[in-house]
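Throughout, protein chains are lettered first and strands after them, A, B, ... in sequence-line order, and every chain is numbered starting at 1. The basis for the numbers below is simple: all heavy atoms, side chains too, and nothing from hydrogens, waters or symmetry mates.
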Protein chains: 2
Amino acid sequence: MARIFWVEDQSHWIDKFKQVLEESAFDGSANELSIFKFAEAAQQKIALTDECKRPDIALLDARINGRDEGGLSVFNALMRKWPDLPVLFLSEHSGTELEKVALEHHALDFISKHQRNVDEVLCWRIKAALRQRDVRQTASGAEKDRVLASGDLRIDIDNWEAYWKGRKLMNPANAKRPLAPTPRKILRCLVERSPRPVTTNQIAEHLGLDPDTYAHATYRQHVKTLRTAIDRADGGNGVFLQQCQNGFGIATCREDGAYCWKRCSYSESK
Amino acid sequence: MARIFWVEDQSHWIDKFKQVLEESAFDGSANELSIFKFAEAAQQKIALTDECKRPDIALLDARINGRDEGGLSVFNALMRKWPDLPVLFLSEHSGTELEKVALEHHALDFISKHQRNVDEVLCWRIKAALRQRDVRQTASGAEKDRVLASGDLRIDIDNWEAYWKGRKLMNPANAKRPLAPTPRKILRCLVERSPRPVTTNQIAEHLGLDPDTYAHATYRQHVKTLRTAIDRADGGNGVFLQQCQNGFGIATCREDGAYCWKRCSYSESK
DNA sequence: GCCGCTGTTCACAAGTTTTTCACGGCGCTT
DNA sequence: AAGCGCCGTGAAAAACTTGTGAACAGCGGC
């Protein structure tokens, strides 16, 4: 369920979008809408909202109750409280100074109400914004404790399974078996420290082994396993391996023989 | 200067936007446009482009040469090579399936060509996209990452990467690879001691090497590497090298065989 | 004991990085 | 003007890293 914070002063627009916003499954279930028809009411709500009830996304009409600054004032209040909240403006006045100012103030998007197929466009953009947020913050609120996510990768801390684009990472040596424990631990360690590099010694420590005996060759071997496993889950066409060479994914740092998880977020076409 | 990678098959759109794209000061100076009228040409260029010439942003027509998948195929190629490159679609077909698919594939934006004031809107959105990239780069783990900055140079202490005007410093010997470790360490040392000169012995000490065996010739060689690396990131036109001769950047201290980082911010305001 | 699995080690080729060498140029001194 | 020392440079040698396949050891189940 996504919490949507929505400011819109004109009833007919509310009527037009309400249903589609409530029912679109942005993340699998119906959404919780908070609608405000006045900037002041919205401001007050922002001030009073607990962190645990924070919205996932905000939609603002740029012009509220006839005042151009209405949307911007709410926007600023939102930004002060939740600097990384994705905010989309929704306005009849695209292509004007209003849009320029909104974008300059780091609004995520500015959607024209007058366009073909607006309600669908709106949903697509909300979905994109939410996904971008997920990618940016490594973990999404609800699952925070049990899931570690970074781009297309998802590690379930409880049962120690890892997924790439929803596909479970398997053992390259035997596609029917899950990824072996040590590589999984290494992957977790890499993701947790990202974007910082992880040296052989740190891995040894993390695995509870003696850093003096834990050879770098072993680490390299596990990294190889991981890279191939992800590549297999990715389609097995070597795209991921190539990305590793370009410094994304499990990148080589050439510094103390360290590797580094660099999130690469994009989805392969279907 | 921003490097813009632009795919557009219709000349009249090129004519319409070319000037404004070239001249808008997204980051203080004129831009470098690479325009492609065919998907294939664009693909080829992507494959052949060195890391140091990587574009800052891409603009794609969604429908190229009559094929819906044209834009998307270029998009995928771009993403494979540079997963974090901001890509904006620019299309006559907003509100259609094309827009949906593009947004689902993590395109940053999808701009309708048919709207009031398109050229300005386009610029605003490009500016917003570039700023977002900068923010992401500087703020990825903002609190935790220690960053050393001096003028246009930024050294990320944690993951050991260095940027000049937002572009990553690459290895001059092989533009696809990052700057080698030793030059990076030397650069850091120079910047940290700036504006005091750093002698060969100090470098040897900093690198944990025996000052007696560490030859000055080696130091000179690394300095050369650094200067070329920065120059490449600067556009590769020798301007930075010139500045070094004039005593800015990595200056030579005639006195005692030392080099010295002299901050030079000749890039105008932002 | 035998089997299958995992984690570790070794050896080696390919590729990178660092160091060395040789030379031309510049400025200063003799 | 010749000599000297030092800087910048290109190329080549030397040293090191990384990725990889194959072999080996340990372990638990049967």
- Counting just side-chain N and O atoms, does A/K224 come under 4.0 Å of either OP1 or OP2 of D/dT18? no
- Query: Roughly how many Å is it from CD in A/Q242 to C1' in D/dG19, rounded to a whole number?
  - Reply: 16 Å
- Query: Is there a donor-acceptor pair under 3.5 Å between the side chain of B/N65 and the backbone N or O of B/D9?
  - Reply: no
- Message: With a 4.0 Å limit, can you tell me whether A/Y259 has a side-chain N or O closer than that to the phosphate oxygens OP1/OP2 of D/dG19?
- Response: yes
- Query: Which whole-number value in Å describes the distance from A/L226 CG to D/dG19 P?
  - Reply: 13 Å
- Query: Do side-chain atoms of B/R184 reach the backbone of B/L179 as a donor and acceptor pair under 3.5 angstrom?
  - Reply: yes
- Quick one, give me the B/S/- string for nucleotides 7-20 of chain C, reading 5' to 3', where B means a protein heavy atom under 4.0 Å from the base and S means that only happens at the primed atoms, P, OP1 or OP2. SSBB-----SSSBB
- Message: Check this for me, if you would: do B/K185 and A/E255 make a salt bridge, where the nitrogen-to-carboxylate-oxygen distance has to be below 4.0 angstrom?
- Response: yes
- Message: Between A/H222 and A/Y219 (judged by ring centroids, cut-off 6.0 Å), do the two rings come close enough to count as a pair?
- Response: no
- Message: Over all strands shown, is B/R227 touching base, sugar-phosphate only, or nothing at heavy-atom distances under 4.0 angstrom?
- Response: sugar-phosphate
- Query: Is the distance between the ring centroids of A/F240 and A/W164 under 6.0 Å?
  - Reply: yes
- Task: Would you kindly give the CG-to-P distance between A/D256 and D/dT17, to the nearest whole Å?
- Result: 10 Å
- Using atom CZ of A/R184 as one end and atom C1' of C/dT6 as the other, report the distance to the nearest whole Å. 12 Å
- Message: Quick check for you: to the nearest 0.5 Å, what is the distance between B/D234 atom CG and B/R227 atom CZ?
- Response: 14.5 Å
